[in-house]
Number of protein chains: 2
Amino acid sequence: MARSKRDELIQKATDIFYRRGFQATGMDTLVVEAGISKTSIYKHFKTKDDLIVATLRLRDEFLRGWLFRRMAELASTPRDQLIAMFDALDEWFSEPDFHGCMFAKACSEFQDPDHPINREATAHVARLSAQLAEIADRAGLPNPNDIARRLSLLKEGAVVMATMGHDSRPALEAKAIALGILREAEAGRTPV
Amino acid sequence: MARSKRDELIQKATDIFYRRGFQATGMDTLVVEAGISKTSIYKHFKTKDDLIVATLRLRDEFLRGWLFRRMAELASTPRDQLIAMFDALDEWFSEPDFHGCMFAKACSEFQDPDHPINREATAHVARLSAQLAEIADRAGLPNPNDIARRLSLLKEGAVVMATMGHDSRPALEAKAIALGILREAEAGRTPV
DNA sequence: ATGTAGGTGTACCGATCGGTACACCTTGTC
DNA sequence: GACAAGGTGTACCGATCGGTACACCTACAT
């Protein structure tokens with residue numbers, strides 16, 4: 001029970017920040033919505049920024065965990081898992097409480113590259129790309145790091161289009177593009 | 001001289017909002033940095049939100065104007081212009097004061113889809129995609145709207161990777177992917 | 001000469017911001 | 001039964017938020 005209250009705070013803060021934004025959410029709002037006294041919050045976290053970093057860490061673990069688990073469920077071979085990422089993304093985009101990428105938003109609101117929040121957000125992209133590279137390597141694809149970066153680019157583009165564009169299924173469009181990328185890579189063509 | 005002061009305000013506000021963010025920039029900051037009295041600002045715009053919408057409109061015109069002009073300068077045929085978009089993006093990303101996409105940031109900070117700021121930001125994406133579709137049509141490509149959406153997805157992905165990823169040249173990676181897309185389209189293969 | 005439009009500076013409004021102080025309540029442990 | 005740890009509620013801090021009020025200063029039109 002010792003640190004469960006703290007974890008509960010981080011969990012609820014993550015949801016609230018994701019739904020309402022970081023700067024737009026005041027600490028008083030957090031107190032009411034999370035049902036935790038302000039005194040307790042500041043006993044666990046020195047500043048609001050520290051709390052935001054903690055929520056980003058939780059979100060990073062959750063999102064990467066969910067995504068790669070789902071990829072493994074949807075496909076058996078490493079190659080097919082890379083493609084299945086876009087099916088998983090399509091599921092995510094279809095959820096009623098999808099509100100875009102929390103990390104992109106964090107970067108938007110805290111632009112300074114040296115800011116801890118910005119660092120944590122960009123770290124998520126790097127970690128995700130590294131995991132993709134590992135799978136691409138297991139799939140026997142050439143230049144797995146390049147493949148991973150391109151798939152990351154497609155993923156980020158799909159997220160933005162799902163958030164801002166009004167088009168139908170950006171994840172499935174990205175999937176079609178990804179198929180082309182893998183096809184070329186498997187044909188031995190060196191990525192330009 | 002009548003409306004030049006107003007235009008000057010919008011121009012400077014655009015720069016400031018782009019550099020520092022919308023919510024993070026207070027009206028008092030705007031007064032100091034833009035060198036315009038608060039009274040004047042509120043004589044031209046009823047609210048801060050109205051001013052933000054005006055800056056987004058200016059930015060939309062400027063960015064689309066610059067991008068398509070640069071595409072026309074870099075290539076002569078419609079087909080090559082589509083590809084040249086990514087060379088133009090590469091130039092943009094290389095500018096020292098590149099700070100990501102102002103419209104993505106606007107959507108991040110104002111998430112409500114019914115909010116005028118959100119609408120204006122998403123409209124930019126739609127307008128850009130429509131212009132791309134027109135060029136794809138002139139290039140004689142099949143399903144120009146699909147092509148345009150995919151190129152838009154690549155463009156947005158490249159912007160995000162340029163902002164958040166630490167990789168080398170996301171615009172040129174997107175360009176390589178775009179070449180593959182056009183190659184497939186020209187081979188008559190129906191986009192999946 | 002007089003009115004009007006567009007501009008300025010300053011002082012101010014209530015609300016909210018992130019953060020702190022303090023007194024108190026509960027729980028488990030020794 | 002004493003004590004520390006972790007929690008609560010409330011009241012408060014100075015700073016800043018978006019926005020307004022008011023008096024004044026030009027420049028130009030009639």
Side-chain angles (χ1 to χ4, degrees), chain A residues 1-56 105-106 108-112 114-118 120, chain B residues 1-56 58 105-106 108-112 114-118 120-121:
Chain A
M1 203 64 101
R3 63 175 14 231
S4 84
K5 203 74 181 181
R6 178 195 158 104
D7 290 347
E8 184 188 338
L9 164 62
I10 301 178
Q11 177 63 62
K12 290 192 173 173
T14 303
D15 293 343
I16 297 168
F17 284 142
Y18 179 57
R19 284 208 319 273
R20 321 255 267 239
F22 299 100
Q23 323 226 46
T25 304
M27 295 307 280
D28 296 297
T29 304
L30 220 54
V31 167
V32 174
E33 301 254 337
I36 294 175
S37 70
K38 199 188 275 195
T39 316
S40 293
I41 296 179
Y42 279 98
K43 213 162 271 183
H44 287 301
F45 299 97
K46 287 209 300 189
T47 64
K48 183 187 183 184
D49 284 4
D50 285 353
L51 173 59
I52 293 177
V53 169
T55 65
L56 289 178
K105 283 186 213 163
S108 293
E109 296 197 37
F110 304 89
Q111 303 197 49
D112 180 3
D114 295 328
H115 195 293
I117 294 176
N118 192 294
E120 191 63 35
Chain B
M1 202 66 102
R3 65 175 11 231
S4 83
K5 202 74 182 184
R6 177 195 158 107
D7 291 347
E8 184 188 336
L9 165 62
I10 301 179
Q11 176 64 60
K12 291 191 173 172
T14 303
D15 293 344
I16 297 169
F17 283 142
Y18 180 57
R19 284 207 319 272
R20 320 255 264 241
F22 300 99
Q23 323 226 44
T25 304
M27 295 306 280
D28 296 297
T29 305
L30 220 54
V31 167
V32 174
E33 301 254 337
I36 294 176
S37 71
K38 199 188 273 195
T39 317
S40 293
I41 296 179
Y42 279 97
K43 212 162 272 183
H44 287 301
F45 299 96
K46 287 208 301 188
T47 64
K48 183 187 183 183
D49 284 3
D50 285 353
L51 173 59
I52 292 177
V53 168
T55 65
L56 289 178
L58 178 66
K105 283 186 214 163
S108 294
E109 296 197 36
F110 305 89
Q111 303 197 50
D112 180 4
D114 295 328
H115 195 293
I117 294 176
N118 192 294
E120 191 63 35

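Here is the naming used below: chain letters follow the sequence lines, and residue numbers restart at 1 for every chain.
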Quiz item: Does the D:dG19 base have a donor-acceptor partner in the side chain of B:Lys38 within less than 3.5 Å?
Solution: yes

Quiz item: Does any non-hydrogen side-chain atom of A:Val32 lie less than 4.5 Å from one of A:Asp28?
Solution: no

Practice problem: Using whole Å, report how far CD of A:Gln23 lies from C1' of C:dC17. | Solution: 12 Å

Self-check item: Protein-nucleotide distance (A:Ile41, atom CD1; D:dG6, atom C1'), rounded to Å
Solution: 14 Å

Quiz item: Atom CG of A:Asp7 and atom C1' of D:dG6: how far apart are they, to the nearest Å?
Solution: 14 Å

Self-check item: pair A:Leu30-A:Met27: side-chain heavy atoms closer than 4.5 Å
Solution: yes

Quiz item: Which part of the nucleic acid, if any, lies within contact of A:Thr29, taking any heavy atom under 4.0 Å across all strands shown: a base, the sugar-phosphate backbone alone, or nothing?
Solution: nothing

Quiz item: Mind checking whether A:Glu120 and A:Ile52 have side chains closer than 4.5 Å, heavy atoms only?
Solution: no

Quiz item: Which comes earlier along DNA chain C counting from the 5' end, the contact point of B:Lys43 or that of A:Lys43, where each point is its nearest nucleotide?
Solution: B:Lys43

Quiz item: Okay, side chain of B:Glu109, backbone of B:Phe22: is any donor-acceptor separation there less than 3.5 Å?
Solution: yes

Practice problem: Could you tell me the separation between the CE atom of A:Met27 and the P atom of D:dC12, rounded to a whole number of Å? | Solution: 21 Å

Exercise. Could you please name the option among D:dG19, D:dT8, C:dT8 that lies closest to any side-chain atom of A:Ser40?
Key: D:dT8

Practice problem: Please report, rounded to the nearest Å, how far the P atom of C:dA5 is from the CZ atom of B:Arg6. | Solution: 17 Å

Quiz prompt | hbond_proxy A:Thr39 side chain to D:dG9 base (donor-acceptor, 3.5 Å cutoff) | solution = yes

Quiz item: Taking for each residue the nucleotide of DNA chain C with the nearest heavy atom, is it A:Asp28 or A:Lys46 whose nucleotide lies nearer the 5' end?
Solution: A:Asp28

Quiz prompt | For atom CG of B:Leu30 and atom P of D:dC17, their distance in whole Å | solution = 11 Å

Exercise. Find the distance B:Asp50:CG to D:dG18:P and express it as a whole number of Å.
Key: 14 Å

Quiz item: Side-chain contact, heavy-atom cut-off 4.5 Å: A:Glu33 with A:Asp15?
Solution: no

Practice problem: Kindly say if B:His44 contacts the phosphate of C:dG6, meaning a side-chain N or O under 4.0 Å from OP1 or OP2. | Solution: no

Quiz prompt | Interatomic distance where NZ belongs to B:Lys48 and C1' belongs to C:dT16 [whole Å] | solution = 13 Å

